[in-house]
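Structure, as structure tokens:
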Amino acid sequence: MAEPVTIPISIFEVTIRYERPLIRLLVERADIIQALFDSFAEFEPNADDLEVLSAGKTTEQGIRLRLASEKITLFFGAAYCKFSKEEPAWPEADSLFSRLERFLSILTKCSGVVLGKRTSVLSLHLQLRTASFKDILRPFIDTGIRKLDSAPLKAMALVARWPDYRITLDGSAQLANGIFVQMEREFDATASYEHMKEHIFADEVAVLKLLGVEVEA
């Protein structure tokens with residue numbers, strides 16, 4: 001029988017790298033910012049939720065705008081842009097991708113940037129009801145590693161990577177007796193949102209089944 005879990009913490013991100021960096025976006029961005037405020041006006045974006053990131057590497061610098069009422073954060077810089085959504089829900093997936101499309105449309109129209117490959121990341125913190133997170137994760141740790149010491153394992157994690165896909169299984173740093181699950185998948189620049197949605201959903205279903213857990217309704 002599957003272990004019942006809830007998902008009190010989750011975030012969905014899509015990062016889109018440009019085909020080539022557009023360095024002028026580090027200084028010429030007022031038109032893009034204004035267009036974002038105008039296009040997302042129904043969510044009442046606040047000027048205080050606009051942040052100019054000027055520290056760190058050049059690729060880390062840019063503009064970050066948070067749409068607080070929607071728990072959405074938009075970022076664009078000279079090398080890539082990112083769309084983030086806290087507490088995503090599958091019934092709202094079409095609406096979520098519609099807002100992503102709106103963001104990308106504004107960015108490309110105002111800047112002329114050419115979008116490249118997309119990387120989606122779905123991060124979940126699973127709260128277990130009865131089982132220990134160690135019991136859930138232990139079967140995924142190589143027996144040879146477990147035999148290195150006779151003492152019980154206190155923590156464990158797994159990262160598995162394929163050419164276009166990566167999963168991380170770890171104890172949650174945010175929840176007591178929780179499991180952190182992260183699924184990262186890369187898509188071509190031409191991939192449709194429906195194609196992305198189907199793969200991301202299938203990944204979540206497969207990983208939860210692998211862990212032997214079931215999200216409570």
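All values below come from the heavy atoms of this structure, side chains included, with hydrogens, waters and symmetry mates left out.
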Inset, instruction - Under the side-chain contact (heavy atoms from CB on, under 4.5 Å) rule, what do Y193 and R118 come out as? Steps first, then yes or no, please. - result: CA-CA 11 Å; Y193 295 125; R118 311 167 182 179; 3.5 Å; yes
Inset, instruction - Apply side-chain hydrogen bond (donor to acceptor under 3.5 Å, both in side chains) to S120 and E184, showing your working. - result: CA-CA 6 Å; S120 71; E184 177 182 317; over 6 Å; no
Contact between [X] and [Y] at the side-chain level, heavy atoms closer than 4.5 Å - yes or no?
| X | Y | value |
| --- | --- | --- |
| P88 | S10 | yes |
| L65 | L67 | yes |
| I167 | Q182 | no |
| T130 | E3 | yes |
| L124 | I11 | no |
| C81 | Y18 | yes |
| L100 | S98 | no |
| L50 | I63 | yes |

Inset, instruction - Have a look at L122 and tell me which of I200, V207, V14, V181 forms a side-chain contact (heavy atoms from CB on, under 4.5 Å) with it. - result: I200
At what distance, to the nearest 0.5 angstrom, does [atom1] of [X] lie from [atom2] of [Y]?
| X | Y | atom1 | atom2 | value |
| --- | --- | --- | --- | --- |
| S39 | R102 | OG | CZ | 4.5 Å |
| I9 | S172 | CD1 | OG | 6.0 Å |
| F76 | I106 | CZ | CD1 | 10.5 Å |
| L107 | L25 | CG | CG | 6.5 Å |
| E87 | I72 | CD | CD1 | 12.0 Å |
| T15 | E186 | OG1 | CD | 11.0 Å |

Inset, instruction - List for me each residue that meets side-chain contact (heavy atoms from CB on, under 4.5 Å) alongside V114, sequence neighbours excluded, and say none if there are none. - result: E19
Taking all non-hydrogen atoms of both residues into account, name the closest pair between [X] and [Y] and its distance.
| X | Y | value |
| --- | --- | --- |
| G116 | A189 | O-CB, 3.2 Å |
| L53 | R64 | CD2-NH2, 3.6 Å |
| V113 | T108 | O-CG2, 3.6 Å |
| E204 | I7 | OE2-CD1, 4.4 Å |
| I32 | C110 | CG1-CB, 3.6 Å |
| P139 | I136 | CD-O, 3.4 Å |

Legend entry - Exam field: side chain Q61 to backbone G56, donor-acceptor pair closer than 3.5 Å: yes
Legend entry - Backbone N/O of L153 and side chain of R146: donor-acceptor pair under 3.5 Å: no
Inset, instruction - Mind running side-chain contact (heavy atoms from CB on, under 4.5 Å) on D188 and K117 for me, showing each step along the way? - result: CA-CA 5 Å; D188 290 336; K117 289 187 175 182; 4.0 Å; yes
Does a side-chain N-to-carboxylate-O contact under 4.0 Å join [X] and [Y]?
| X | Y | answer |
| --- | --- | --- |
| K85 | E13 | no |
| E194 | K197 | yes |
| D203 | R185 | yes |
| E44 | R66 | no |
| E86 | K71 | no |

Legend entry - Derivation and outcome, salt bridge (charged side-chain N to carboxylate O under 4.0 Å, His left out), residues R99 and E42: CA-CA 12 Å; R99 290 164 190 172; E42 74 265 35; 5.8 Å; no
Classify the ring geometry of [X] against [Y]: parallel below 30°, tilted from 30° to 60°, perpendicular beyond 60°.
| X | Y | result |
| --- | --- | --- |
| F83 | F103 | tilted |
| H195 | H199 | tilted |
| Y80 | F75 | tilted |
| H125 | F180 | tilted |

[X]-[Y] co-clustered via ILVMFWY side chain contacts under 4.5 Å:
| X | Y | value |
| --- | --- | --- |
| F97 | F43 | yes |
| F201 | L126 | yes |
| L137 | I145 | yes |
| V205 | L208 | yes |
| M196 | I16 | yes |

Inset, instruction - Please step through side-chain contact (heavy atoms from CB on, under 4.5 Å) for the pair M156 and F140, ending with a clear verdict. - result: CA-CA 9 Å; M156 55 207 75; F140 302 102; over 6 Å; no
Inset, instruction - Verify salt bridge (charged side-chain N to carboxylate O under 4.0 Å, His left out) between K209 and E214, making sure each step is shown before the conclusion. - result: CA-CA 7 Å; K209 182 178 180 180; E214 184 177 54; over 6 Å; no
Inset, instruction - Take R29 and R24, measure what side-chain contact (heavy atoms from CB on, under 4.5 Å) needs, and give me the verdict at the end. - result: CA-CA 8 Å; R29 48 206 185 187; R24 63 181 175 80; over 6 Å; no
Inset, instruction - Give a yes-or-no answer on whether the side chains of Q127 and T6 include a donor-acceptor pair shorter than 3.5 Å. - result: no
Inset, instruction - Decide if atom CG of N46 counts as having more than 12 heavy atoms of other residues, nucleotides or ligands within a radius under 6.0 Å. - result: yes
